[in-house]
Amino acid sequence: MKQDAEDLRKELMDEAYAGAFSGMGAMLLDADEIRRADEKELEEIARQYGKGGKNR
């Protein structure tokens with residue numbers, strides 16, 4: 001499960017950085033939140049991003 005969480009963190013970070021690069025600077029705040037999130041928080045962030053967390 002630890003690796004799944006790290007894979008999810010990487011995927012979310014990629015999206016946050018892509019958003020920031022495309023002009024949505026607030027995505028840098030999301031990236032910081034993702035970086036510090038524990039596994040449960042990552043699942044919630046994934047749901048907010050429309051990814052569904054573990055059931056992706």
Side-chain angles (χ1 to χ4, degrees):
M1 276 208 314
K2 179 74 171 157
Q3 186 58 41
D4 289 342
E6 292 310 311
D7 290 344
L8 180 56
R9 184 184 317 277
K10 182 184 179 325
E11 185 177 340
L12 292 170
M13 291 293 289
D14 288 347
E15 285 196 32
Y17 286 139
F21 183 74
S22 69
M24 298 175 3
M27 296 294 282
L28 290 174
L29 296 174
D30 286 355
D32 189 49
E33 181 181 7
I34 293 164
R35 190 176 307 111
R36 291 184 282 123
D38 64 23
E39 193 170 335
K40 283 189 171 201
E41 292 168 328
L42 284 173
E43 293 295 326
E44 179 58 32
I45 294 168
R47 280 190 286 281
Q48 292 172 4
Y49 273 56
K51 298 207 169 289
K54 289 181 183 175
N55 300 322
R56 295 181 280 152

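Each residue takes its place number in the sequence, starting with 1. It should be emphasised that the depicted structure is a prediction, and the values quoted were computed from it without experimental measurement.
- Taken together through direct or relayed side-chain contacts under 4.5 Å among Ile, Leu, Val, Met, Phe, Trp and Tyr, Ile34 and Leu28 form part of one hydrophobic cluster.
- The heavy-atom pair separating Ala16 from Met27 by the smallest distance is O-CB, 3.2 Å.
- Looking at heavy atoms from C-beta onward, Glu41 lies out of side-chain contact with Glu33 at the 4.5 angstrom threshold.
- Residues Asp30 and Glu15 form no side-chain contact, since every pair of their non-hydrogen atoms from C-beta on lies 4.5 Å or further apart.
- Remark: Met13 CE to Leu8 CG distance equals 12.0 Å, nearest 0.5 Å.
- Side-chain contact check for Tyr17 versus Leu12: every heavy-atom pair is 4.5 Å or farther apart.
- Side-chain heavy atoms closer than 4.5 Å link hydrophobic residues (I, L, V, M, F, W, Y) into clusters, and following such links, possibly through other members, connects Ile45 to Met24.
- Formation of a donor-acceptor pair under 3.5 Å by the Arg9 side chain with backbone atoms of Leu42 is not found in this model.
- Residues satisfying the salt bridge (Lys or Arg N to Asp or Glu O under 4.0 Å) criterion with Glu44, sequence neighbours excluded, are Arg47.
- Taking the side-chain hydrogen bond (donor to acceptor under 3.5 Å, both in side chains) definition, one finds that Asp14 meets it with Lys10, sequence neighbours left out.
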